[in-house]
Amino acid sequence: MLDHFGYVVTVLLMVAGLFIVIARGNLIKKLIGLSIFQTSVYLLYIVPGKLIGGTAPILSPQFSVYSNPLPHVLILTAIVVGVATLALGLALAVRIREAYDSIEEDEILMRDQIANSNEGMNA
Amino acid sequence: MKHDLVLRVIGKLLIPYILLFALYVQFHGDFGPGGGFQAGVIFAAGIVFYALIFGLENARQVMPDRLVETMLSSGVLIYAGVGLAGLFLGGNYLDYFVLDPNPVHGQHRGIFWVEAGVAITVCGVMLKIFYMFASRGRSE
Amino acid sequence: MSIAAHLPALQVVLPLISAPLAVLLRRRDLAFWMVTAAAWAAFATAIQLWLQVGASGTISYHIGSWPPPWGIEYRVDRLSSFVLLLVSGMAAVMLPYARTSIEREIPEESHYLFYAMFGLCLAGLLGITITGDAFNIFVFLEISSLATYVLIALGRDRRALTAAYQYLIMGSIGATFIVIGIGFLYLTTGTLNLADMAGRLRGVESSRPVLAALAFLTVGISLKLALFPLHQWLPNAYTYAPSPVTAFLAATATKVSVYVLIRFYFSVFGESLVYEHLPLPQIMLGLSLLAMFGASFIAIFQDNLKRLFAYSSVGQIGYISLGLSFDSVHGLTASIVHLFNHGIAKGAIFLLIGGIAVGIATPGAVAPAPTFDRLAGLAKRMPLTCFGIVLGGLSLIGVPGTAGFISKWYLILAALEQGQFWLVGAILLSSLLAVAYVWRFVEVAYFRAPPAGHVARKEAPLAMLIPAWLLIAATIWFGLDTSVTVDTALDAARQLMGKAQ
Amino acid sequence: MSPETVILVALALPLLGAIGIVLAGKSPNLREGVTLVTALGLFACVVQLLDPVLTGARPAVSLLEPLPGLPIAFRVEPLGMLFALIASGLWIVNSIYSIGYMRGNDEKHQTRFYVCFALAIAAALAIAFAANLLTLFLFYEVLTLITYPLVTHAGTDKARSGGRTYLVILMGTSVLFLLPAIIYVWHVTGTTDFRAGGILPVGMDKGAVAILLALFMFGIGKAALMPFHRWLPAAMVAPTPVSALLHAVAVVKAGVFSVVKIVVYVFGLDMLAGVTDWLIAIAGFTIVAASVVALHADNLKRRLAYSTVSQLSYIVLAVAILAPLSVIGAVLHIAAHAFGKITLFFAAGSIYTASHKTEVSQLDGIGRRMPWTMAAFGIGALSMIGLPPAAGFVSKWYLVSGAMAQAQWFTLAVVLLSTLLNAGYFLPVVYRAFFRPLSAEAQAHPHGEAPLPIMIALSITAAGTLALFFFPDVPLALAQQLVAVR
Amino acid sequence: MQAQAGAGRRGRDDIEALIIDILLVLMAFTVLILVRIRHLFTVVVLSGIYSFLMATVLVALDAVDVAMTEAAVGAGVSTVLLLGALHLCKSEEARPAHKPWIPLAVSVSTAALLIYGAMGLPDFADPDAPIHHHVVPRYMQNETDVPNVVTAVLASFRGYDTLGETTVVFTAGAGVIALLRRRRKAVEKADGK
């Protein structure tokens with residue numbers, strides 16, 4: 001079968017996530033893109049660890065083939081990092097929304113420019 | 001949602017089981033899927049569920065902010081402390097073999113405490129974050 | 001238990017524990033003393049480790065007593081001990097400064113969190129430096145990054161929030177790239193231990209996943225170290241973060257990223273892979289030159305002093321990456337020495353700028369941005385601060401007698417070795433750009449009349465001046481006595497390139 | 001004290017003096033007292049070194065070694081000895097003069113002025129005693145930076161822009177040309193020490209030698225070789241004592257001193273045979289072109305500045321001829337020009353202090369009101385033109401002898417032409433001062449001579465200019481030692 | 001008899017692979033829709049669905065621990081957090097102001113690089129891949145007497161990573177407190193204006 005099909009879809013997911021992060025101006029949508037980007041990396045690690053016919057790496061006399069546990073451990077950590085980043089990002093987005101009354105990057109930039117030019121005039 | 005009787009009844013029935021399940025996940029982690037992190041999240045989810053049904057203030061009485069903030073840091077301290085215990089008992093950092101005269105028991109003991117630390121911090125953090133967001137409110 | 005054998009673990013664990021303790025105690029003063037004591041202990045540990053490594057070679061420490069590659073290994077060699085020295089030393093000097101400085105910048109009820117975050121950032125940076133495990137690098141990178149985002153967002157200007165958010169996005173993309181790179185390496189070698197990985201890579205050199213890993217790691221780490229076109233997060237982050245944060249980041253964060261890059265290039269991929277199979281050195285040379293000229297040029301036209309020196313940092317990073325592009329012992333030495341020297345000088349400058357922010361503020365009000373029109377004639381009121389900035393600036397220029405000269409010397413040496421005379425010219429020409437931006441400050445501060453109706457200003461508090469001047473003194477010291485810096489860097493470079501004597 | 005200790009004391013003394021000046025900043029009398037005492041002490045130190053050097057000793061000290069094989073070290077040899085003597089000796093006179101000038105003109109920031117002055121002298125001495133290129137370069141840069149506040153002393157826009165030119169040219173040339181040259185020397189030879197006979201390997205490629213020489217000559221921007229001379233007139237925005245000591249003695253002499261030192265101790269005269277023609281041409285061009293500009297300059301200080309540009313190139317030219325006699329001439333000219341030009345600047349400052357006149361065209365008849373000043377000016381002018389009984393004659397004599405020995409007809413032509421031009425722009429000043437009637441406007445503003453300290457200083461240097469003609473023994477002995485050690 | 005068992009087994013294996021592929025395709029669709037949609041509430045719901053699909057795939061890939069965590073975190077915590085944040089912000093994304101050519105170029109070149117690298121990786125479920133042979137066998141020897149190898153590696157062999165991970169969580173928690181703590185005065189609003 002398609003030996004690398006898993007990889008191709010993984011790549012598609014990753015790139016879609018990355019695209020949302022860079023291309024979208026909405027702070028929350030960016031974060032969702034970021035988390036999709038991060039999540040899809042899980043597949044990159046886990047898919048190769050799978051052995052067809054194997055089972056989850058919980059040792060038991062009934063089974064002899066287990067999927068690789070190491071990627072699982074790593075990805076557990078990565079998931080935690082992902083959610084930690086998301087939480088902080090959202091907290092920042094909320095604060096930005098309060099300070100600028102917007103979560104659109106373009107509007108925020110515009111408001112900063114106005115503030116900058118005012119600063120220049122006062123000086 | 002506060003006044004939805006059905007939800008309240010179901011919640012009352014369900015929440016203890018959620019918390020129990022969290023404990024199961026915590027202590028069964030050696031033998032099946034699960035462990036401190038999942039347990040912490042599930043436990044926090046139980047409280048969040050409670051907060052959604054019975055209101056944030058009620059939840060805050062069950063799990064007061066002080067307690068939550070203490071959990072936040074004590075989990076990490078327990079974990080790091082297990083590591084230091086390894087040092088004091090003559091091993092390397094995070095060495096569980098020296099925690100018990102029988103090295104394999106030492107591993108069990110180490111893993112138990114470490115998982116406990118993870119669960120406490122994770123539960124504390126999840127709850128704290130939820131509280132922070134929930135109590136922020138829309139400020140216009 | 002003998003402490004000496006466990007120093008590598010304590011190096012990271014002490015600051016790491018100090019942070020939750022600070023949060024647990026919730027008292028501002030206790031938190032301060034907790035984190036500061038941890039930082040000082042970390043500095044003492046780093047000195048001890050540096051001496052040990054210098055005397056008896058690389059130290060390997062097995063965490064959990066699991067031997068590598070099964071467990072996580074801490075590995076201290078000449079290079080990592082040097083970077084540990086820089087990072088912990090900076091924290092040790094800057095924390096006392098921060099105590100006075102943040103009183104004016106951060107609401108009091110958040111102080112304990114500030115210290116906790118500072119401790120975490122420190123622990124993260126130290127962890128990245130000391131570990132010998134690829135995935136562990138990522139974990140500690142995230143600890144330091146998350147702490148950094150929060151620290152930046154604590155700045156008083158609302159633009160600090162957007163700066164932190166932007167850094168969070170770019171930093172996370174970078175970190176994810178790094179994870180992808182590590183993933184490729186792991187999938188081809190089956191191990192996560194850096195040394196083991198290097199050994200197993202010798203068999204599969206230049207296979208496609210390895211090259212992809214190299215590319216992803218390079219891009220990811222370059223995002224973190226603000227290599228020229230990927231530097232966009234840096235100027236705003238440095239400008240709007242609280243002053244001690246700016247100083248600490250400028251002195252350590254990008255430097256540790258450089259360290260990671262060097263570590264991967266020389267200790268994992270090996271120079272033959274990095275430098276022979278890909279046009280990487282050429283690309284890096286081009287980007288470095290762009291940074292040296294482009295960013296320094298932009299710096300000249302900045303009106304905010306903090307932003308000016310932020311762009312200068314981007315330019316100076318160009319020198320560091322330029323050294324890497326040479327693939328020679330002297331080039332690498334230049335990079336290592338410059339990351340140290342520039343860290344000290346830039347840290348000192350940002351500390352002093354923090355002092356200016358205090359000095360030009362009306363008492364009780366929020367400090368205004370240190371823009372040039374507010375700095376006119378400042379030297380009269382704040383002579384020590386201004387003179388310190390000038391001395392630090394001389395080091396950025398690379399005037400002999402300052403630390404900056406030493407690194408440029410080795411950079412030029414490396415260019416000469418390869419017969420690239422035009423590059424010598426380029427390096428020197430770019431330092432003239434540094435003259436230009438440093439001199440803008442000199443002219444304004446020393447030779448322009450103070451604005452009419454200006455508020456009464458006086459010198460920054462001693463608690464802020466002393467740490468800053470310690471670093472300025474170090475900048476001069478390391479320009480005159482290089483037995484610590486150059487010897488270590490040369491040794492480290494030889495060790496990395498397998499040309500140990 | 002052993003000569004080694006004396007070196008360290010001589011280097012440290014101005015620094016201590018600077019600290020003392022800062023501490024005494026509140027009380028002007030005490031502050032100037034500190035300056036004078038420091039200057040006298042320094043000169044005493046330097047004089048102590050003269051005897052050992054004349055008897056062949058070369059005391060040396062090494063401070064630090066920032067880069068392996070590249071220490072910061074000092075070593076006193078004849079050329080440096082002479083430069084140190086001139087710089088420290090004239091500092092005393094200049095300090096006296098400064099007191100009169102700075103007070104007479106109510107200048108601001110006087111403490112800063114005296115501090116920078118002391119530090120500048122320290123840097124000049126360090127340059128004089130430098131034992132290798134790195135040390136020389138280090139203090140060369142220090143000298144640039146420390147004199148910058150002096151140049152921009154007035155703080156006006158004009159002063160700032162002059163200061164910018166000053167800094168850009170001096171820093172630019174030194175970083176872009178001098179530093180690469182030093183690095184290249186180190187790259188080739190593995191050392192930057194000054195050694196008699198040169199350090200470059202025998203048989204080095206002539207092209208490389210020529211390029212290296214060019215880098216050095218243009219890199220030493222303080223020698224004001226065209227086209228990098230613009231900083232010198234720009235620096236004239238500084239108060240006159242600064243122009244006098246720094247831009248007639250310390251800074252520009254640090255430049256030509258470095259030129260001579262590098263030619264003699266890095267290249268060696270033999271090494272350069274056949275590669276200096278272009279340098280002779282450029283130096284010759286600079287001499288003539290600068291003189292022509294000076295001829296048209298109405299501002300007195302500007303005229304003096306271009307005269308300096310021209311005179312500095314005499315020294316470069318003399319060295320470029322590579323004849324031992326002309327090198328002696330170059331060394332003597334360092335001394336002669338120092339005394340002559342400082343006298344001229346003193347006179348210009350004296351005129352400004354007394355009458356606030358800055359242009360040559362305003363000077364009609366002023367010699368009757370300020371006879372001493374203008375007499376001193378006349379002596380300085382004689383020295384510049386190279387007429388007896390002034391010091392400039394001696395140095396030019398050696399220069400011309402050297403050129404004759406090498407059959408350098410071009411040089412002779414240049415010297416002749418420039419002598420005429422020098423006469424052309426100096427004598428009219430003297431003529432106006434003594435033989436033209438006072439203008440109506442000047443008559444309306446009566447004034448006498450400048451304050452006493454100015455007059456004392458002026459007289460000392462004018463007398464020195466004459467004395468060097470009659471008793472050139474010490475500089476001559478040093479110069480001969482320099483050439484003899486080949 | 002044996003051949004039959006083998007055939008049956010292979011059939012089961014193929015089905016296993018097929019399920020995984022179908023789930024992956026579903027995920028791809030979800031994400032593609034997600035890119036287009038601008039109503040943020042829908043986007044959040046879709047990202048929750050995405051996480052559930054991910055968790056299912058992970059179960060199929062035998063990563064039960066990871067699946068459980070992803071279900072709890074990705075579909076649970078993240079969604080709650082996003083909804084909470086959305087509650088505090090606007091829920092409609094603005095129309096992009098300019099064509100996203102540069103992001104597209106960056107994404108495409110990243111994709112190319114990823115594909116380039118991934119094509120050189122060992123085949124899917126290749127038992128000879130280095131990751132199955134170098135470090136893992138020792139983990140399987142059950143030195144810690146903990147049957148769930150993931151737990152054993154997580155908490156013991158690589159326990160230090162997990163300490164780091166816990167610290168990351170702690171950092172996020174403390175960071176959110178620092179960011180969202182109510183200030184006594186609203187300072188930052190006054191500043192920029």
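On a predicted model such as this, the values are computed, not experimentally measured, just so you know. Because only heavy atoms are used, hydrogens play no part in the values below, and waters and symmetry mates are left out as well, while side chains stay in. Just so it is clear: chains get the letters A, B, ... in the order the sequence lines come, proteins before strands, and each one is counted from 1.
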Would you say A:L76 and E:V150 make side-chain contact, with heavy atoms under 4.5 Å? yes

What part of E:L40 gets closer than 4.5 Å to chain A, counting heavy atoms only: side chain, backbone, both or neither? side chain

Closest non-hydrogen contact found for E:V149 with A:P69 is CG1-CG, 3.7 Å

So for E:M27, is it side chain, backbone, both, or neither that comes closer than 4.5 Å to the heavy atoms of chain A? both

Taking every non-hydrogen pair under 4.5 Å, which of A:V80, A:N68, A:L88, A:L90 racks up the most with chain E? A:N68

Close side-chain approach of A:L74 and E:R158, heavy atoms under 4.5 Å: yes

Atom pair CD1/CE of A:I79 and E:M68 - distance to nearest 0.5 Å: 12.0 Å

Spacing of E:L24 atom CG and A:L43 atom CG [to the nearest 0.5 Å]: 6.0 Å

Among A:S67, A:G82, A:P57, A:A23, residue most engaged with chain E (heavy-atom pairs, under 4.5 Å): A:P57

Proximity breakdown for E:V136 and chain A, heavy-atom pairs closer than 4.5 Å: side chain

Grab the two heavy atoms, one from E:V31 and one from A:A16, that are nearest each other, plus how far apart they are. CG1-CB, 3.3 Å

Above 12 or not: heavy atoms from other molecules or residues under 6.0 Å from CG of A:L109? yes

Heavy-atom pairs under 4.5 Å with chain A are the metric here; pick the option from E:V44, E:L82, E:V57 that has the most. E:L82

Please classify the contact of E:V59 with chain A as side chain, backbone, both or neither, using a heavy-atom distance under 4.5 Å. neither

Output the option from A:V81, A:I75, A:T39 having the highest count of non-hydrogen pairs under 4.5 Å with chain E. A:T39

Quick check for you: among A:I22, A:L18, A:V21, A:V73, which has the greatest number of heavy-atom pairs under 4.5 Å with chain E? A:V73

Minimum side-chain heavy-atom gap A:S40-E:Y50 below 4.5 Å: yes

Tell me, side chain or backbone of A:L92 under 4.5 Å from chain E's heavy atoms, or both, or neither? both

Testing the basics here: between E:V176 and A:A91, what is the closest heavy-atom pair and its distance to 0.1 Å? CG2-CB, 4.2 Å

Tell me, out of E:D65, E:V168, E:L114, who's got the most heavy-atom pairs with chain A below 4.5 Å. E:L114

Choice from E:V108, E:I20, E:L104, E:V25 maximising heavy atom contacts with chain A below 4.5 Å: E:L104

Under a 4.5 Å heavy-atom cut-off, does chain E meet the side chain of A:I20, its backbone, both or neither? side chain

Part of E:L46 within contact of chain A (heavy atom distance under 4.5 Å): neither

Are any of the side-chain heavy atoms of A:L70 and E:H132 separated by less than 4.5 Å? no

Looking only at heavy atoms, what is the nearest atom pair of A:H72 and E:D62, with distance? CE1-O, 3.4 Å

Report yes if some heavy atom in the side chain of E:L61 is under 4.5 Å from a heavy atom in the side chain of A:V47; otherwise report no. yes

Could you tell me which portion of E:S47 (side chain, backbone, both or neither) has an atom closer than 4.5 angstrom to a non-hydrogen atom of chain A? side chain

Pick one of side chain, backbone, both or neither for A:S102, based on which atoms fall under 4.5 Å of a heavy atom in chain E. neither

To the nearest 0.5 Å, what is the distance between CD1 (A:I28) and CZ (E:F41)? 12.5 Å

Note, A:R95 side chain near E:L180 side chain (heavy atom, < 4.5 Å): yes

Does any heavy atom of chain A fall under 4.5 Å from the side chain of E:L58, the backbone, both, or neither of them? side chain

Toward chain A, the part of E:A152 with a non-hydrogen atom under 4.5 Å: neither

Against chain E, work out which of A:G49, A:G17, A:P71 has the most heavy-atom pairs shorter than 4.5 Å and name it. A:G49

Is chain A contacted by the side chain of E:L23, its backbone, both, or neither, given a heavy-atom distance below 4.5 Å? neither

E:A129 versus chain A, the contacting section by heavy-atom distance below 4.5 Å: neither

Find the one option among A:L86, A:I32, A:V83, A:I103 whose heavy-atom pairs under 4.5 Å with chain E are most numerous. A:I32

Under 4.5 Å from a heavy atom of chain A, the part of E:V77 involved: side chain

Can a donor-acceptor pair be found, under 3.5 Å and without considering hydrogens, that links the side chain of A:K29 to the backbone of E:V35? yes

